[in-house]
Amino acid sequence: MKILVTGGTGYIGSHTCVELIQKGHEVIILDNLYNSSIDVLDKIETITGVRPKFYKTDILDKEGLDKVFAENDFEAVIHFAGYKAVGESVAIPLTYYENNIAGSINLYQMMKKYKVRNLVFSSSATVYGDDFEVPFKEEYGLGTTTNPYGTTKKMNEMIITDMNKAEPENSGVLLRYFNPIGAHESGLIGEIPNGIPNNLVPYIAQVAAGQRDFLRVWGNDYDTVDGTGVRDYIHVVDLAKAHVKAIEYAATHKGTEVINIGTGKGYSVLQVLHAYEKACGYPIPYKIMERRPGDIATCYADTAKAEKLLGFKAQYDIDKMCEDSYRFTRKLKM
Ligand code: WQD
């Protein structure tokens, strides 16, 4: 299929482009390069032998979007483009709503104009909020989001659901990611955080690389195995493969499906830290701090629907995730 990947030079987007190309799909990337760099195209070409067609375009630029669709006869869209820093979204909510909602609506309107009917949307487990028991199941619906970033994901799910009710020929798969980590085993692509990493593994990676002195562990008084937060970490390549299955599912079905993409297994902060120590071969210093506002104790996926509808099951374990993350970070520093 000929697929538009918005945000395709980003962390999850670039890994998904690699898997799409290796599955034989034609990939066109649209990105404004706000949170990624153009040299990711070189890395994708090195890994796959194919250099995707690229448009430096912002989803807020309606004319630019129209040009991209007019020049390509897309069969499907995978929509990653959006701002994604939880803390930043609290500080600049209007920027997040404009980009993640108005920008996405521009994209959906362009899809309607050019009759592109198959969509996979990058959603997040954050839409469950803290309202439900784990493991989180898709039928729980949308919870109470605790930050504007999470609310934009929730609103996009609602917009796509309503859009597809009005256009029964459309298909939409809303993938709720849990905690993507790791990097492609080539060490060529991975996560390059902007500034001080908010997320656990990119921060641990910088401590391991000697860029930071120690990991701040946000609380060890949760009701979990060792008191630290438990999350469902999934290898970014597993997540990318799930997108290939999702877009192929969307192309052969109608209507809207919400699907969790996780491993179904939770690891605590300290369990991840020790896995990373195994990967890098030396101790990672840490200090227990106060809880981070907005954090929940435990979050992991019920993965039955992904297995049933997509035939997807995550293959990689936490050790592989940490090994691949460490290899990428080490290459980055060289
Ligand atoms: C994981 C655990 C922290 C950093 C967020 C977004 C979510 C999604 C994934 C986009 C928690 C602890 C973290 C640190 C720590 N992003 N931690 N020290 O909060 O589960 O999810 O990223 O879709 O939308 O909310 O991920 O990696 O920030 O935290 O102790 O320096 O690690 O308290 O328990 P989170 P995270």
Side-chain angles (χ1 to χ4, degrees), residues 7 10-13 35 79-90 96 100 121-130 134 136 142-157 174-182 191 193-208 211-236 239 242-243 260-263 266-276 284-301 318 321-322 325:
Y11 174 43
I12 303 169
N35 197 17
H79 180 32
F80 291 104
Y83 296 153
K84 61 165 192 172
V86 170
E88 185 184 57
S89 77
V90 175
Y96 268 68
N100 291 8
F121 173 67
S122 164
S123 191
S124 165
T126 205
V127 302
Y128 287 110
D130 197 8
V134 282
F136 289 166
L142 294 163
T144 313
T145 44
T146 56
N147 56 76
Y149 159 76
T151 303
T152 67
K153 290 297 184 185
K154 183 170 162 178
M155 289 167 81
N156 266 283
E157 287 202 13
L174 315 179
L175 296 182
R176 290 180 181 168
Y177 312 156
F178 282 69
N179 290 63
I181 63 169
E191 188 171 14
N194 256 339
I196 302 174
N198 188 57
N199 294 141
L200 177 67
V201 171
Y203 200 101
I204 290 178
Q206 291 191 356
V207 174
Q211 290 167 264
R212 306 224 179 253
D213 297 335
F214 58 88
L215 170 72
R216 298 160 304 175
V217 176
W218 300 131
N220 70 341
D221 57 352
Y222 288 103
D223 180 16
T224 64
V225 59
D226 57 19
T228 63
V230 169
R231 297 291 185 274
D232 183 335
Y233 298 95
I234 179 167
H235 198 296
V236 65
L239 180 58
H243 283 78
N260 290 335
I261 302 297
T263 64
Y267 284 96
S268 75
V269 173
L270 292 181
Q271 286 172 332
V272 175
L273 180 132
H274 294 318
Y276 216 99
I284 306 265
Y286 67 90
K287 279 186 188 158
I288 304 295
M289 317 294 277
E290 287 303 308
R291 290 184 177 192
R292 179 173 68 176
D295 271 355
I296 62 176
T298 301
C299 170
Y300 56 86
I318 195 72
M321 294 180 216
C322 292
S325 164

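First listed ligand is number 1; within each ligand, the first listed atom is number 1.
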| Could you walk me through whether Tyr233 and Thr263 pass the side-chain hydrogen bond (donor to acceptor under 3.5 Å, both in side chains) check? | CA-CA 7 Å; Tyr233 298 95; Thr263 64; over 6 Å; no
For [atom], what's the nearest protein heavy-atom neighbour? Residue, atom name and distance, please.
atom: atom 29 (O) of ligand 1; result: Arg292 NH2, 3.3 Å
atom: atom 33 (O) of ligand 1; result: Asp295 OD2, 2.6 Å
atom: atom 25 (O) of ligand 1; result: Val86 CG2, 3.5 Å
atom: atom 22 (O) of ligand 1; result: Asn199 ND2, 3.0 Å
atom: atom 11 (C) of ligand 1; result: Arg231 NH2, 3.8 Å
atom: atom 12 (C) of ligand 1; result: Val269 CG2, 3.6 Å
atom: atom 18 (N) of ligand 1; result: Arg216 O, 2.7 Å
atom: atom 8 (C) of ligand 1; result: Ser124 OG, 4.2 Å

Applying a 4.0 Å heavy-atom criterion (strictly less than), which segment of [X] is in contact with ligand 1: side chain, backbone, both, or neither?
X: Tyr149; answer: side chain
X: Thr126; answer: side chain
X: Val201; answer: neither

**Study point:** Stacked cation flag Arg176 on Tyr128, 6.0 angstrom / 45 deg
**Key:**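 Arg176 over Tyr128 ring: yes.
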Using distance alone, with no hydrogens and no angle criterion, decide if [X] and [Y] have a side-chain donor and acceptor under 3.5 Å apart.
X: Tyr149; Y: Glu88; value: no
X: Thr151; Y: Tyr96; value: no
X: Tyr267; Y: His274; value: no
X: Thr228; Y: Asn220; value: no
X: Asn156; Y: Asn100; value: no

Among Trp218, Tyr233, Tyr267, closest by heavy atom to atom 2 (C) of ligand 1 is Tyr233
Are any side-chain N or O atoms of Lys154 and backbone N or O atoms of Ser123, one a donor and one an acceptor, separated by less than 3.5 Å?
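Not confirmed, Lys154 side chain does not pair with Ser123 backbone.
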List every atom of ligand 1 that sits less than 4.0 Å from any heavy atom of Asn198, numbering the atoms from 1 in the order shown and giving each element.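 Heavy-atom distances to Asn198 below 4.0 Å select 4 (C), 28 (O).
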Ligand-residue contact atoms, ligand 1 with Val217, heavy atoms, under 4.0 Å: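 Taking each heavy atom of Val217 in turn, ligand 1 has 30 (O) under 4.0 Å.
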- Task: Evaluate the criterion side chain to side chain contact (heavy atoms under 4.5 Å, CB included) for residue pair Val225 and Gln271; output intermediate values, then yes/no.
- Result: CA-CA 10 Å; Val225 59; Gln271 286 172 332; 4.0 Å; yes
Report yes if some N/O of Leu200 lies less than 3.5 Å from some N/O of ligand 1; otherwise report no.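 In this structure, Leu200 places an N or O atom under 3.5 Å from an N or O of ligand 1.
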Worksheet item: Taking distance alone, with no angle check, do Asn179 and ligand 1 share an N/O pair under 3.5 Å?
Response: yes
Assess the residue pair Leu200 and Leu273 against the criterion (side chain to side chain contact (heavy atoms under 4.5 Å, CB included)); give the C-alpha distance rounded to whole Å, side-chain angles, the decisive distance to 0.1 Å, and a yes or no.
CA-CA 9 Å; Leu200 177 67; Leu273 180 132; over 6 Å; no
